[in-house]
Each structure stands twice: as structure tokens, then as C-alpha cells.
Amino acid sequence: MRILSIQTRRAMGGIARSSGVMLLGTGLLFPVYANAAAADTSNGHADKAQSGDQAKPVDKSQKTGKSQKNSQSDDSGGNKSTGNNNGGSAKKGDQSAAPDQTELSGPFSYDKLIDQAKALAKKDYQAPAKVPQFLTKLSPDQLSQISFKRDDALWHDQKLPFQVMFYHPGSYYEHAVTIHVIKDGKTTTVQFDKNDFNYPNDDLKKKVPDDLGYAGLKLLHTLGDPKKMDEVVSFLGASYFRALGADEHYGLSARGLAINTGNTQKGEEFPNFTQFWLVDPGDKSKDMTLYALLDSPSVTGAYKFVITPGQATHTHVEETLFTRKDIAKLGIAPLTSMFTWGENSLARINDYRPEAHDSDGMLISSANGEWLWRPLVNPQKLWMNQFDANNVRGFGLMQRDRNFDDYQDLNYEYEKRPNAWVTPDGDWGKGHLELVEIPSDSEVNDNISLYWVPQEPVKAGQRLHFAYDIKWSSDLAVPKSLGHAIATRVGMAAVAPGQQKNQVRVVIDFVGGELSKLTDANSVQPKVNATRDVTLNNIQAVRNPHTGGWRLSFLVPTSALDKPLELRAYLADANGGGLTETWSYLLATP
């Protein structure tokens, strides 16, 4: 597996999780979700927002269970209207439908959405219109004071197994998206109604346009308690989305697409989901289907999402892309997360907590059968590392530290952040995975990104297709038959007590697989190597009775760390057969 490390000396800032887009010092951009300070709750569950601290959706036309004709004409009951069956939208009490905004004629289908994306790619790009300036000037805290009325969720009154809530535009969420509902092949447009929101004061409510639109949506379904609707998936900001399994809190996010991430000259391009189509799930469905149209200066795309909630929630993604321009770096199935410090941090922020991160490592399942684990770091300068991933079988950002004692944080509960594991449908061909790690001095910054990049250049006028599943859960992903690393610890050390600390000690704890059955010192062999000629000292593997696994440790002289050093290690049995995944690490002095 080839690994390319790139660093830059430019000053790099973090990415504010409370913002939609934050410009870094070099022009590197990461748009991200709002946290509790904006429209979402940091703990992620909709049931924690019952007093109105989350932006809720309006059930347009199908909320009451009446026919759409009646829901258009019956105003007295406060019914919401999605408009007529021809794809238009209508205001309450207004029988005349607005022009069709879907640009799709006849029954909806994914093939028609693909045709729309293809036609759009042949036109010049037009940036989405911004909402009024008085809304974009709102701080995230001010935006969080605008809350949706929970009982107005889409399909709430019909008591369907899924409900949808919507976000109010404002602050960093400068654009509204168009949202449609599909039922029996017919499409209607969800109309914004500011009466469905609680505003902090009447003056603000009066200023909000009647046709403002929504910033995004969130999907509700039962996870643990069958009597409670939990938040399962949220789409908000650019092409960002994230999901939860049972008893989890929001952490890392996914994106529809990444373009030129890490471009320190021109900056990253962020495509937007501009329209969504929600398929009416009926009263017995166990999964939810929605479609999205993506647009940006370089590419358009038709997306299909099939969301299956559960102990582990799956989001199956199918995307068909059409390129307007050549793209230097196209990132497929991008993930974005936060890592500030952990047990492997030589230098850490002054804090009482042992660790603070949404993810602590990258995992790759290669076509050759190797499983590679890469603990995350918070570097002093931008790091971009590439990993060979031809026909990659799976990859993801994982949170392996699952105990409260790992964090000692009663507020953020980092131990409940989900893993995101991407499984491609079929072979994607030749390409590599790129891991981006950005210096950050605050845990409110998303500073980690991971995505797959095709080897072949992406040219203007191409059609590309990818499909994959993202599993959001606490599962390890690595096979149970294979040992895995649960901790990487790094610290300055001396060969003997009293000597100068001119070496770095690296300690890796492995558990799982056959390791618990092996007790003889000769039954486990440590395998460690570096990518350049460096003498590694005191390499040893010993049984760890506290974990039931084995601990591998070694020393690296600081004189060898004039530049970051790539290390690889694993445990083998007495015959040299691998017992564990491969541990990979880029070691640098603080």
C-alpha cells in the first residue's frame, strides 16, 4: 500500500462546526453542519428537542391524511398544502398552482432525475439565490431561537413510520432548497409556511418572506423506544448529511461529493443539494427513499438515498454525475470529522479531559485482504496522505474509544459518536483514498476529511456513476477473527531512568481475534517497519492482562524525526501469520 505524505507550512485554521462554510487561511474550505448553537442539537436525538429547540418541518398536504384537493381548500383547520398533483405548489387558500419547479414531467423516476442533471450540466452554472441579508446576519445562537413546531412534521398526523422536519434558513445557511413529495408517482412541492415556526419575536417573524423556503430537512423514525420518534438522518448545508444508529449522538458527517479538497491556491469547491424529493413511505415501510439534485460550477448530479434505520442505520447512496469542467481531484463518498487530541497526542491542549474527538481513526479494507488502521492526529501543519485503494472493499472513520473514562465529558458524550463505514457497490476501479488532517486548537472545528479519488483524470463532459452503502453504528467493521488496535499511545522516553528523553516511545494495544487465547511469549511476534532507514529500538510484544490482548511497543530516536516518519506494525503468530490488522502511523515530534 503506497502512502504519500504532503505537508504545507501555511497557517491553517479550523473549520467551525457552528458554521455552514469557514474559509481557512489558505483558501481551504470545509462546509459543515451546525451544532447545537445553530439549528441542530449536538447530542443528536430529536426527543431532546421537544420544547422547540430544533427546526421542525411542515407536513405539506399529506399531514392531515385528507385528499390533496381538500388540503388545498380547507384552510380553517390549518392544513398545510404541497400543491397539486402536477408538480406545482400552492399557498393556503390559493387554488392556483405556482409554476412547476421540478422540471420533471409525468411520474417521477430516477432516470428522469438523471436526465434533468444531464440537461443542467449543459447550461452555465447559476449560484443559488441567497435568503435576505437580515437572516444571514443572524448568529448561530440567534438562528437556534427559531424553532419549528413539532406537531407540524410531515406525515405527523398520519402517524406514518417516518416523519420529516425542516430547518429554517439563516446565519451560515444562506440558501433555501426546494423540497417535493412523491406519492403514487405524482410530485407535489412542499411550501414554506412561517406560521409553523416559533420566532423569538413578532418583528422578526413579520420580516420573514412568505416564500422563504427551507435550509434542509431531518428524518425521524423509531430507533430504541417504539413510542418515540428519534432523529435518524439530517441533510443541511451544501451536500452534507449525517445519520445515527440507536443510542448515538451526532458526530461525523458525510457529503454528496468533494471537489479539490486541500487546494491551497484556489480553495475547495462545494456542490449544493438544491432540490429534494421525498417518497411517501406509506404506513408499513421500514426504509425511506429520497432523491436529490446536486449542482456546482464543475458538476451536476442525480442522487438516490435509501435510508434504513436501526441499531445500525444504513444510508445507501447512488449517484450519477455529469461534469461541466475538468476536475483536478474528485472525492467520492467523502466523510468529515473532528479530532483535537487523544491518547496518542504528544502535544495537547490544556484540558482536564483525556481525549476529545468524534473519530479516532481511519480504517481501510483493501482488495488484497489487508485491513489497515490509521490513528488520527491533530498535526501542526496540514497533512494530506494518500493510500492505495484499487477496488477498495470498504473504508471509514471510526470511534473506537467507547467508554466514558476515555473522555470524562458529561456534555458531549464522545463515546456515543457513530462510526461511518463505506462499502462500495461492486468495483470502483483504480484509485486512492486521501486522508486530510488540519491543525485545530478547538473541538468545535471539523478538521478531518476522508474520500476516494479515481485514478483516471476527470474531464469535462463525462458521465460518472457510483453507488455505496454507509453504515452508521458503533460496530468495529474489522472481522471478529482479526485482532484490532484499541489504543495508540505516544510519549517522550529515555532508554534508562535518569537519561535524557531523546526517544519517542510508541505503545499499541491490540485485542480480539485469537489474541486472548495466546499466552506464551513465543506465540506472538511483533512486526514493525519504517518507510526509511531508521533504527527502531526495544521492539517487543507482551501480554496485557488488563485488556486480554497484547501490547506492542518500541522506541524511535528523535534524531530520526527531522521530518514525519511513516510506521507500520502488526502482530504475527509463531509461524509469521498475521494475527491483527496493520497499524499505520505518521510520527512527528511536537
Side-chain angles (χ1 to χ4, degrees), residues 1 3 342-346 354-355 357 359-366 368-377 396 398-403 405-407 415 419 474-497 503-531 534-557 565-587:
M1 182 174 289
I3 304 173
E343 73 265 6
N344 60 319
S345 300
L346 272 168
E355 305 179 48
H357 47 75
S359 305
D360 55 10
M362 173 197 72
L363 183 66
I364 301 174
S365 173
S366 301
N368 64 4
E370 181 184 41
W371 287 80
L372 184 140
W373 171 252
R374 176 78 158 211
L376 298 176
V377 299
M398 319 298 281
Q399 183 81 315
R400 284 188 172 175
D401 290 334
R402 289 289 172 188
N403 298 315
D405 285 345
D406 294 323
Y407 308 98
E415 67 275 11
N419 302 324
S474 301
D475 295 345
L476 287 170
V478 69
K480 293 182 179 179
S481 59
L482 201 62
H484 61 276
I486 57 169
T488 299
R489 294 180 172 85
V490 179
M492 300 302 295
V495 175
Q503 305 209 50
V504 175
R505 185 182 300 279
V506 180
V507 177
I508 312 152
D509 275 311
F510 290 99
V511 300
E514 297 294 313
L515 292 177
S516 62
K517 303 176 183 178
L518 302 175
T519 57
D520 190 299
N522 297 319
S523 61
V524 176
Q525 302 180 45
K527 302 291 185 179
V528 185
N529 63 75
T531 53
V534 173
T535 300
L536 304 178
N537 301 310
N538 291 39
I539 301 174
Q540 58 180 325
V542 298
R543 180 168 173 77
N544 186 340
H546 302 284
T547 64
W550 284 72
R551 171 170 288 186
L552 188 159
S553 64
F554 55 92
L555 294 171
V556 182
L565 177 66
E566 187 71 45
L567 298 163
R568 290 165 65 88
Y570 67 96
L571 295 178
D573 60 25
N575 298 317
L579 291 168
T580 69
E581 65 191 5
T582 300
W583 171 92
S584 170
Y585 200 72
L586 192 62
L587 180 65

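- When all heavy atoms of E370 and N368 are compared, the closest pair comes out as N-OD1, 2.9 Å.
- The two residues E415 and R402 come nearest to each other via the heavy atoms O-NH1, 2.8 Å.
- Partners of Q399 by side chain to side chain donor-acceptor pair (under 3.5 Å), not counting sequence neighbours, listed by chain and number: H357, Y407.
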Compile the donor-acceptor pairs under 3.5 Å between side chains in residues 508-519 and protein atoms, sequence neighbours left out, one pair per line.
unit_1, atom_1, unit_2, atom_2, d
D509, OD1, N544, ND2, 3.1
D509, OD1, R551, NE, 3.1
D509, OD2, R489, NH1, 3.3
D509, OD2, R551, NE, 3.4
D509, OD2, R551, NH2, 2.8

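- With sequence neighbours excluded, the residues satisfying side chain to side chain donor-acceptor pair (under 3.5 Å) with S474 are E248.
- Residues satisfying the side chain to side chain contact (heavy atoms under 4.5 Å, CB included) criterion with D406, sequence neighbours excluded, are E355, D401, N403.
- By the side chain to side chain contact (heavy atoms under 4.5 Å, CB included) test, L476 pairs with R400, V478, H484, sequence neighbours left out.
- Two residues are said to be in side-chain contact when any heavy atoms from C-beta on lie closer than 4.5 Å; R505 and V490 fail this criterion.
- Using a 4.5 Å cut-off on side-chain heavy atoms (C-beta onward), S584 and E566 make contact.
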From CA spacing to verdict: side chain to side chain contact (heavy atoms under 4.5 Å, CB included), W583, L552 = CA-CA 11 Å; W583 171 92; L552 188 159; over 6 Å; no
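- The heavy-atom pair separating E581 from L482 by the smallest distance is N-CG, 3.6 Å.
- If you take OG1 on T582 and OH on Y570, they are separated by 7.5 Å, rounding to the nearest 0.5 Å.
- Rounding to the nearest 0.5 Å gives a distance of 11.5 Å between CE of M362 and CE of M398.
- Contact of the W373 side chain with the L363 side chain is registered, since non-hydrogen atoms from C-beta on lie closer than 4.5 Å.
- Using a 4.5 Å heavy-atom threshold, the side chains of L586 and R374 count as touching.
- For W550, the side chain to side chain donor-acceptor pair (under 3.5 Å) test picks out no residue, with sequence neighbours left out.
- Panel note: side chain Q525, backbone D573; a donor-acceptor pair is recorded below 3.5 Å.
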ask   = Between V524 and R543, is a side chain to side chain contact (heavy atoms under 4.5 Å, CB included) present by the stated rule, with each step listed?
value = CA-CA 9 Å; V524 176; R543 180 168 173 77; over 6 Å; no
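- Note that CD of Q540 and OG of S553 are 4.0 Å apart. Values are rounded to the nearest 0.5 Å.
- Under the 3.5 Å distance criterion, the side-chain polar atoms of E343 are left unmatched by any main-chain donor or acceptor of P354.
- Atom-to-atom distance recorded for L579:CG and L571:CG is 6.5 Å, nearest 0.5 angstrom.
- Of the possible donor and acceptor atoms, one in the side chain of D520 sits under 3.5 Å from a partner among the backbone N and O of N522.
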query = Going through the distances and angles, do D360 and L376 end up as a side chain to side chain contact (heavy atoms under 4.5 Å, CB included)?
reply = CA-CA 5 Å; D360 55 10; L376 298 176; 5.7 Å; no
